[in-house]
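By convention here, the first residue in the shown sequence is residue 1.
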Amino acid sequence: MADHELEKEDLSYSLKDQWNADPFASTEDQVDDSTEAGRIVKQQPPATKWELQTYYLYYNANNGFTMNSYMTNIFQQLAFAGGYTNPSDPSTRGCTDPTAPCYVPWSGSFANVQSITLYLQAISFSIQFVLYTTFGSLADYGRWNRHILLVATVILIACQILPITLVNDDGSHWNGMLALDIVGLISYGATLVFYGAAFPNLSDNLPVVRQARADPTKTKSEKMAVVERWRNHVSAISTTHSNIGFLVLTGVLSGAGYYPWGNKYNFADGTQPILGNAPIFNYIATVVCGGYLLLGTVPYFIAQPRGRGGPALPEGEHYMTIGWKNVINALKEARKFRYLFLYIFSYFLFADAVTTTNVMIGTIQGELTSFNGLQTTILNLASAASSIVGCLLFLLVAKRFGVRTKVNLFIIVFLSAIVAVWGCIGIGSDRFGFKNVWELWAFYVWSGLFTAPIWAWQQTMLAELIPKGKENLFFGLFGVVNKGSAWVGPVIIGAITDKVSNLYLGWAVILAFFVVSLIILWFVDVDAAKADIERFYREQEKLELDQAQQLQQPELHGEKVEVSSVEKA
């Protein structure tokens, strides 16, 4: 049986099988440390049930809900309170109409709040790109992963709790909230990067995986199948926990939003006097999310064993340059795999399109709902529920009808592009094209069903195009591309909005990104890519064979006399 056939058979598990599988069915006594492989395995401490559960709990708590909802609401609310409808008359402060242009001081002049909302995303992602490219590789060495993840988590918690200090601000400190938002987005991105970097080491030290890695009777392909199966398992379950945490938070805050608040705030006529309709709800929600993050992430750092970590930094390497060297090496390797490189370019475009879509909707949503926190919470509740359904739906279709990964991904990207098509209607229409709250409901359900699965399938697609032994190299490059692409759309749209004061023109930019990415994705030939991988394997085997033959012929290296002397002695 060929290696790829073995892997396909061993890795085809149902969601039920993945959820019920027991990674602790083996014991440490079953790890054979009399072999070199066993001794390597023993260098790392085994993962415990407590460590694994706290790893899942971390992602449950760090679901990113508040970073893309309440934090944006608070910033826009403060900016509108401290901004100017007419920048040429700065004596009249405060923008009362959330759907009309509002300007604040920016870089020696004035800029539209809509544009700045886009710019803050671009600024945070561009800084993330530089930081992760430089320091991302440190996750593979020593205890750097734990240290960086801990610091980033503490900063993220602080950024979610500190906005409460601005609850009574009149808009004078909108730029302080902007800074909190940027630092929060950067730290949130860092937690995701280094959390993800921790899972291969954790997964590879599950008892069943340790036993397989040390088993002298298993072939390399059989060991790789076990390793991949449990990596997929940990990844799938942790992602599920993230969605559960998202659902729990939105559900709790939705219920709390209906608490009577009439005696504590002067509501406008026709507005229901409940907590969710008061501006303070956004601030309370960020504190709740920050507290939930604190409670859910601390156990993971306690549960990590002292011996968990990577090797020391290679001799001659420096902390400031090793990340860039890895990216350059990945780009060099990508030349050998033409379709992999083509797919990464397609991903650059559709990932930017999806990210910018969410930024656009967040900006429009704040204006259509007058930054209403309860409305934001309920919309995200609908998104959380539909996202779970969407992921399971595409998984069911793939299993039931044997739909290939590329076809599924193409369909998902195409359906995601429909959102941009609808948004383009709003360029010249005041009735449709995300001009109504009901359209927001449609977006959240649609994106949950047909866009949320994109992150699972794009990763599966990448895995099909990467040769074994190069996973970390190309997944690292993929992460850099993800952060590097996320600022392009917001910058372009922000500049356009500043010039013409029509945010909806941004939908045309997003649609163009989707269309070009689909065209490129269409020409990615997965079968030809696999042939390239097989060719690479044969070249590697030939190179290893040549090296082995050279080692067996010491006279070629000037060692014949020395060896003969030893033999005579």
Here the gap from Leu249 atom CG to Tyr292 atom OH, rounded to the nearest 0.5 Å, amounts to 5.5 Å
Return the set of residues passing side chain to side chain donor-acceptor pair (under 3.5 Å) with Asp204 (not counting sequence neighbours), or none when no residue passes. Arg231
For Tyr188, which residues count as a side chain to side chain donor-acceptor pair (under 3.5 Å) partner, sequence neighbours excluded? none
Intermediate values then yes/no, side chain to side chain contact (heavy atoms under 4.5 Å, CB included), Leu368 and Gln375: CA-CA 10 Å; Leu368 290 181; Gln375 187 74 69; over 6 Å; no
Residue list, side chain to side chain donor-acceptor pair (under 3.5 Å) with Trp446, at least two apart or on another chain: none
Atom pair SG (Cys289) and CD1 (Ile157), whose distance is rounded to the nearest 0.5 Å: 12.0 Å
Would you check if Tyr58 and Leu149 make a side-chain contact, meaning some heavy-atom pair closer than 4.5 Å? yes
Shortest non-hydrogen contact between Ser124 and Ile186, atoms and distance: O-CG1, 3.8 Å
Can a salt bridge be assigned to the pair Arg404 and Asp527 using a cut-off of 4.0 Å between side-chain N and carboxylate O? yes
List the atom of Leu57, the atom of Gly296, and the distance in Å for their closest heavy-atom pair. CG-O, 3.4 Å
Side chain to side chain contact (heavy atoms under 4.5 Å, CB included) for Met461 and Asn408? Distances and angles first, verdict last. CA-CA 10 Å; Met461 178 76 173; Asn408 248 335; over 6 Å; no
Leu449 versus Val389: any side-chain heavy-atom pair under 4.5 Å? yes
Asp22 and Val208 have their tightest heavy-atom pair at O-CG1, 3.9 Å
Do Trp507 and Ile493 make a side-chain contact, defined as non-hydrogen atoms from C-beta onward lying under 4.5 Å apart? no
Is the positively charged end of Lys435 above the ring of Tyr504, judged by distance under 6.0 angstrom from the centroid and angle within 45° of the axis? yes
Residues Phe371, Ile74; criterion side chain to side chain contact (heavy atoms under 4.5 Å, CB included); working and verdict: CA-CA 8 Å; Phe371 320 116; Ile74 293 173; over 6 Å; no
Please report the C-alpha distance between Val526 and Tyr343 in whole Å, then the side-chain angles of each, then the deciding distance to 0.1 Å, and finally whether the side chain to side chain contact (heavy atoms under 4.5 Å, CB included) criterion is met. CA-CA 10 Å; Val526 177; Tyr343 171 63; over 6 Å; no
Considering non-hydrogen atoms only, spot the tightest contact between Pro453 and Gly448 and give its length. CD-O, 3.9 Å
Evaluate side chain to side chain donor-acceptor pair (under 3.5 Å) for Gln304 paired with Tyr300, printing each intermediate quantity in order. CA-CA 6 Å; Gln304 282 183 303; Tyr300 174 61; 3.1 Å; yes
Quick check: does any side chain N or O of Lys406 sit under 3.5 Å from a backbone N or O of Val524, one acting as donor and the other as acceptor? yes
Spacing of CG belonging to Leu440 relative to CD1 belonging to Ile378, to within rounding of 0.5 Å: 12.5 Å
Counting distance only, does the side-chain N/O of Tyr119 pair as donor-acceptor with the main-chain N or O of Gln114 below 3.5 Å? no
Is the Tyr347-Phe350 ring centre distance short of 6.0 angstrom? yes
Do Leu180 and Gln160 come within less than 4.5 Å of each other through their side chains, counting heavy atoms only? no
Separation of Leu253 CG from Thr66 OG1 (nearest 0.5 Å): 9.0 Å
Thr376 vs Gln365, test: side chain to side chain donor-acceptor pair (under 3.5 Å). Steps then yes/no. CA-CA 8 Å; Thr376 297; Gln365 174 184 311; 3.0 Å; yes
Say whether, by atom type as modelled, one donor and one acceptor occur between the side chain of Ser429 and the main chain of Gly426 under 3.5 angstrom. no
When rounded to the nearest 0.5 angstrom, what is the spacing between OH in Tyr55 and OG in Ser203? 9.0 Å
Could you give the distance from OG1 (Thr369) to CD1 (Ile364), rounded to the nearest 0.5 Å? 11.5 Å
Sequence neighbours left out, what passes side chain to side chain donor-acceptor pair (under 3.5 Å) with Asn62? Give chain and number order. Thr191
How about Val209 and Pro23: do any of their side-chain heavy atoms sit closer than 4.5 Å? no
Any Met71 side-chain heavy atom under 4.5 Å of Leu120 side chain: no
Can you confirm whether Phe443 sits close enough to Leu379 that some side-chain heavy atom of one is under 4.5 Å from a side-chain heavy atom of the other? no
Looking only at heavy atoms, what is the nearest atom pair of Asn60 and His241, with distance? ND2-O, 3.2 Å
Shortest non-hydrogen contact between Asp525 and Ala528, atoms and distance: OD1-N, 3.0 Å
Candidate list Asn380, Thr377, Asn282, Thr286, test side-chain hydrogen bond (donor to acceptor under 3.5 Å, both in side chains), partner Tyr70, passing option: Thr377
Donor-acceptor pairs under 3.5 angstrom involving side-chain atoms of residues 414-424: please list them, not counting sequence neighbours.
| from | atom 1 | to | atom 2 | distance (Å) |
| --- | --- | --- | --- | --- |
| Ser416 | OG | Ile412 | O | 2.8 |
| Ser416 | OG | Phe450 | O | 3.4 |
| Ser416 | OG | Thr451 | OG1 | 2.9 |
| Trp422 | NE1 | Glu439 | OE2 | 2.7 |

Taking the side chain as C-beta and beyond, is there a heavy-atom pair between Thr117 and Gln76 under 4.5 Å? yes
Donor-acceptor pairs under 3.5 Å, side chain of residues 510-518 to any protein atom, not counting sequence neighbours: which ones?
| from | atom 1 | to | atom 2 | distance (Å) |
| --- | --- | --- | --- | --- |
| Ser517 | OG | Phe513 | O | 3.3 |
| Ser517 | OG | Phe514 | O | 2.7 |

Donor-acceptor pair, distance only, cut-off 3.5 Å: does the side chain of Asn372 make one with the backbone of Leu374? yes
